[in-house]
Amino acid sequence: MEYLRNLPQTTIYFIGISIVLVFIIFFQHLYFSKKLSKIRKDAVKRSRSVINGQMIEQVAPFLPDFPCNPSDARFVGKPVDFIAFKGLSDEEIEEIQFIEVKTGQSTLSEREKQIKKAVKEGRVKYIEYRLIQ
């Protein structure tokens with residue numbers, strides 16, 4: 001410790017601050033490493049949920065209790081998962097259905113809610129778009 005007495009006071013001061021900063025950086029690293037690990041785990045969990053949901057959407061028409069014959073359903077993806085022409089495979093269309101597939105505790109997005117409301121209120125049209133040749 002004798003060599004410390006020969007150092008200028010400012011040098012000792014800067015050594016002390018450097019030691020404190022090293023400890024601060026070390027503890028911040030520990031804190032943020034744990035926090036980052038939690039964030040990554042949450043992101044992976046959410047990603048798995050999305051992937052599982054997308055996979056289920058593709059096989060949904062072949063699962064029990066699907067609201068129509070799988071042959072009658074057409075995958076759209078966004079903003080609704082399927083549009084079904086109930087009865088299409090029997091050559092007599094009874095109704096047209098907008099089908100949104102959900103898993104677990106997922107809920108309708110705002111856009112999906114708007115589409116549901118428009119359908120319930122009858123704000124649906126059939127438009128024949130004819131191109132001039």
Side-chain angles (χ1 to χ4, degrees):
M1 293 297 251
E2 185 65 33
Y3 63 92
L4 286 177
R5 290 187 185 148
N6 296 334
L7 292 175
Q9 195 66 26
T10 54
T11 305
I12 294 173
Y13 174 74
F14 285 118
I15 291 172
I17 287 180
S18 298
I19 292 170
V20 169
L21 287 175
V22 167
F23 278 107
I24 289 172
I25 292 169
F26 175 73
F27 287 114
Q28 281 183 336
H29 174 73
L30 286 178
Y31 172 77
F32 287 113
S33 293
K34 289 179 182 180
K35 192 167 187 129
L36 187 59
S37 176
K38 287 180 182 180
I39 291 170
R40 284 184 181 149
K41 286 178 184 177
D42 183 58
V44 167
K45 183 180 174 184
R46 288 175 189 263
S47 178
R48 284 185 185 146
S49 294
V50 168
I51 291 169
N52 287 342
Q54 290 172 340
M55 190 173 69
I56 298 250
E57 285 175 0
Q58 296 295 318
V59 299
F62 306 101
L63 296 175
D65 300 326
F66 192 74
C68 68
N69 184 328
S71 301
D72 297 349
R74 301 294 181 264
F75 182 76
V76 178
K78 293 285 179 193
V80 295
D81 293 328
F82 293 93
I83 296 179
F85 304 90
K86 192 170 182 178
L88 181 66
S89 56
D90 300 328
E91 302 196 22
E92 183 65 40
I93 296 176
E94 301 169 30
E95 68 180 353
I96 297 173
Q97 301 172 327
F98 292 80
I99 302 170
E100 184 61 36
V101 178
K102 293 292 180 193
T103 59
Q105 296 178 342
S106 61
T107 59
L108 293 176
S109 69
E110 285 305 311
R111 180 71 65 210
E112 292 163 348
K113 288 176 186 177
Q114 291 172 1
I115 292 168
K116 182 179 179 178
K117 183 179 179 192
V119 171
K120 280 188 171 190
E121 293 174 355
R123 294 183 285 127
V124 181
K125 292 181 186 178
Y126 179 88
I127 298 173
E128 184 176 339
Y129 177 64
R130 193 176 293 266
L131 297 175
I132 301 172
Q133 295 182 7

Any donor-acceptor N/O pair, [X] side chain to [Y] backbone, under 3.5 Å:
{"X": "Asp81", "Y": "Val101", "result": "yes"}
{"X": "Arg123", "Y": "Lys120", "result": "no"}
{"X": "Asn69", "Y": "Ser71", "result": "yes"}

Is [Y] reachable from [X] through a run of I, L, V, M, F, W or Y residues, each pair having side-chain heavy atoms under 4.5 Å apart?
{"X": "Val119", "Y": "Phe85", "result": "yes"}
{"X": "Ile93", "Y": "Ile83", "result": "yes"}
{"X": "Ile56", "Y": "Phe75", "result": "yes"}

Checklist entry - Quick one: are Phe66 and Ile99 in side-chain contact, heavy atoms under 4.5 Å? => result yes
Next on the checklist: So Glu94 and Asp72, do their side chains get closer than 4.5 Å, heavy atoms only?
Outcome noted: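 With C-beta onward as the side chain, the pair stays apart.
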If you draw a 6.0 Å radius around [atom1] in [X], do more than 12 non-hydrogen atoms from other residues or ligands fall strictly inside?
{"X": "Lys102", "atom1": "NZ", "result": "yes"}
{"X": "Ile132", "atom1": "CD1", "result": "no"}
{"X": "Glu121", "atom1": "CD", "result": "yes"}

Checklist entry - Considering the options Arg111, Lys117, Glu112, which one meets the side-chain hydrogen bond (donor to acceptor under 3.5 Å, both in side chains) requirement together with Gln114? => result Arg111
Heavy-atom pair of closest approach, residues [X] and [Y]:
{"X": "Glu100", "Y": "Pro79", "value": "OE1-O, 3.7 Å"}
{"X": "Lys113", "Y": "Leu108", "value": "CE-O, 3.5 Å"}
{"X": "Cys68", "Y": "Ala84", "value": "SG-CB, 3.4 Å"}

Item to check | Stepwise side-chain contact (heavy atoms from CB on, under 4.5 Å) check, Phe82 with Val76 | outcome: CA-CA 5 Å; Phe82 293 93; Val76 178; over 6 Å; no
